[in-house]
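What follows is a short report on a single structure.
When reading the values below, keep in mind they use all heavy atoms of this one structure, side chains included, and skip hydrogens, waters and symmetry mates.
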2 protein chains.
Amino acid sequence: MAVPLDLDQLQSFCAIADCGSFTEAARRVHKTQSAVSMQIKRLEERLGRLLLTRDGRSVSLTNHGEALYARARKMLRTNAEILDHFSDGDLAGTIRFGVPDDYAVRLLPVILSSFQRTHPKIVVDVACMASEQLLEGMKVGRYDLIVFTQGTGSTFGELFRTERMFWVASHGGQALATDPLPIACGPQCCIWRADAVEALNRVSKDYRIAYTSSNATAISSAVLSDLAVGFLPESALQPGMRVVSDEQNLPRLGDAQIALLRASHAYGSIYDALANHIVSSMGNLDVHPTLASAAE
Amino acid sequence: MAVPLDLDQLQSFCAIADCGSFTEAARRVHKTQSAVSMQIKRLEERLGRLLLTRDGRSVSLTNHGEALYARARKMLRTNAEILDHFSDGDLAGTIRFGVPDDYAVRLLPVILSSFQRTHPKIVVDVACMASEQLLEGMKVGRYDLIVFTQGTGSTFGELFRTERMFWVASHGGQALATDPLPIACGPQCCIWRADAVEALNRVSKDYRIAYTSSNATAISSAVLSDLAVGFLPESALQPGMRVVSDEQNLPRLGDAQIALLRASHAYGSIYDALANHIVSSMGNLDVHPTLASAAE
DNA sequence: TGAAATCTATTTGTTAGACGAATAGATGTC
DNA sequence: GACATCTATTCGTCTAACAAATAGATTTCA
């Protein structure tokens, strides 16, 4: 191996990929814009490929950039893990953390309790609400780190898990057989709502929005009490719910993409520690293990 | 994250861990001894721990060093994977590769065929024989890269897989019930032989070495034809063999440790490519995913 | 016991290259 | 068409990584 890559460059690269801007990325990694620009230039020269497309307006990853990103992330995670492991004394501080309420119930307790055990001096201040509100709050600086779900299309933040979405009904209920189909879902802004509505229209299925709430438990209750049919990601399924099989005439839904988003200042050791913990606890994405499968 | 670690330092660190010498490691990474010495000094300062113990004669890893080593290796593998992925044109060259014959049968075809598919221009010259002979051949420069198995004690080379060892007999055969127990195994030098013999003595089991060969297929045949009982690692088990359950009075055997060893010159892109491929294809070791479990 | 050999650590001087500041060039906005 | 806001580039500075040489420590062998 001639000379290994420079993690500093990869860090800048990932920062740009995350926020879509050289200037903003520079702030995050505590460098000037020119330094970041030159780092990327050197990285691209080193690998002999264009990694980012600069369209004046926005910056996005090329295919090669995508291929690099996943692996670079992995290396940076391991790097942060090492630094965390060797950091003297326990890390201390407070993290304002946001998570969609549908995941909160199932996943949070496990994840946060094991995190608290290894990092007793980090206080995690948890907020549970819909992804849209979390993103809103992130904009005004209310959180340091949030987990949120996004549609299949636009990707920003750090994608670390995908999940199948299922139509669900109550066991032995009538809602599923009703026409038009009564549906329980989040408010207008709900990311999945648009996807589901579009899918229903595509198969010309009659439906009506029978129940709306920005509270996930409220929606679950509506489904469980047979008021309506709902759609949920795999890990939000609850006992008493019945997954509607593909044989029914309901359209297949797109996958839920779960990502991590940091405030621009949240790139320190304690944030890395929590982010790493979440990704390794519930992440289900990884680069294909062998190059065999990764090669084009 | 203040400033990420330097992969260059980690590379030197791993090279030292692999060969137990600053001077030799320096040759491998194409630097002077002083440069390597200073790199380690900086790395130890950075992490605030002693990573290597220099006892004048030999150099070995401290506990902190061990913890770092596994993660550093992972990063270096990913690094090599990236460079491989982006290397222009197909890598070309010849690799003189050695592998124990017991593994050759089961694993080689799959591994090498997928490797050839992604790296058609790399010629892999395969030698199949017992680990001891491979190590012997490595000493005199006959191989670039070998896979070999070692006992539970001494570790050198790059450990990437462990496997349970099983006592095996033929289906419905008599050998297992015979007293003293007839055993088929490798020659004197066989690593497992000492372990098995020691285990038998520990439980005061009478046995006799009934069949000896340095050829793994010969031993398998002896077991299959009920001439004797044998002991094999999990992945060398073959149809027609019966694993002797723990209820029988045979002692539990230690695990087989499978490692990779490179010639001192074999640190280039094509060697990395094959080494990575092998490790990701058949490796079953990894750093614990979360720090939770890794913390002391 | 002492000389030679062979380690690692340290010192010194040189130099590449990474960075920040300033500027140019490009693009979209009002 | 002026302005704002990106990224690229130029320039000068300075850090820090390196090779070469040397010192210090330890083992080996006579």
Take B/Phe97 and B/Asp144 through the side chain to side chain contact (heavy atoms under 4.5 Å, CB included) test and state the conclusion after the steps.
-> CA-CA 6 Å; B/Phe97 176 58; B/Asp144 302 311; over 6 Å; no
OP1 or OP2 of D/dA8 less than 4.0 angstrom from a side-chain nitrogen or oxygen of A/Arg42, does that happen here?
-> no
Under 4.0 angstrom, heavy atoms only, what part of the nucleic acid is A/Asp8 near: base, sugar-phosphate, or nothing?
-> sugar-phosphate
Considering only heavy atoms and no angle criterion, is a donor-acceptor pair shorter than 3.5 Å present between the side chain of B/Gln33 and the base of C/dA9?
-> yes
B/Leu51 versus B/Tyr69: any side-chain heavy-atom pair under 4.5 Å?
-> no
Within this structure, what is the CD-to-P distance between A/Glu44 and D/dT7, rounded to whole angstrom?
-> 13 Å
Nearest whole angstrom, please: distance from the P of C/dC19 to the CD of A/Gln11.
-> 11 Å
Result for 5'-nearest mapping on DNA chain C, choosing between A/Val36 and B/Thr23, is B/Thr23
Of all the heavy-atom pairs spanning B/Asn79 and A/Leu5, show the shortest one and how long it is.
-> OD1-N, 3.0 Å
Is there side-chain contact between B/Phe13 and B/Arg73, with at least one heavy-atom pair below 4.5 Å?
-> no
Could you tell me the separation between the NZ atom of A/Lys31 and the P atom of C/dC19, rounded to a whole number of Å?
-> 5 Å
Nearest-angstrom distance from the residue atom CG of A/Asp55 to P of D/dA8 = 11 Å
At under 4.0 Å between heavy atoms, what does A/Val59 touch on the DNA or RNA strands: base, sugar-phosphate, or nothing?
-> sugar-phosphate
Got A/Glu158 and A/Arg262 here, is their nearest side-chain heavy-atom distance under 4.5 Å?
-> yes
Over how many whole Å does the gap from A/His30 atom NE2 to C/dA18 atom C1' extend?
-> 18 Å
B/Leu52 CG to C/dA9 P, straight-line distance once rounded to whole Å = 9 Å
At under 4.0 Å, does any side-chain N or O of B/Lys41 touch on OP1 or OP2 of C/dT10?
-> yes
Euclidean distance, atom CG of residue B/Asp6 to atom P of C/dG17 [Å, nearest integer] | 14 Å
Taking OP1 and OP2 of D/dT7, is either one under 4.0 Å from a side-chain nitrogen or oxygen of A/Ser34?
-> no
Spacing between A/Gln39 atom CD and C/dA18 atom P, to the nearest angstrom = 9 Å
Closest to side chain of B/Ala35, choosing from C/dT8, D/dT9, D/dC18 = D/dC18
Just to confirm, is there a sub-4.0 Å distance from OP1 or OP2 of C/dC19 to any side-chain nitrogen or oxygen of A/Thr32?
-> no
Of the nucleotides D/dA8, C/dT8, D/dA19, which has the atom closest to the B/Arg54 side chain?
-> C/dT8
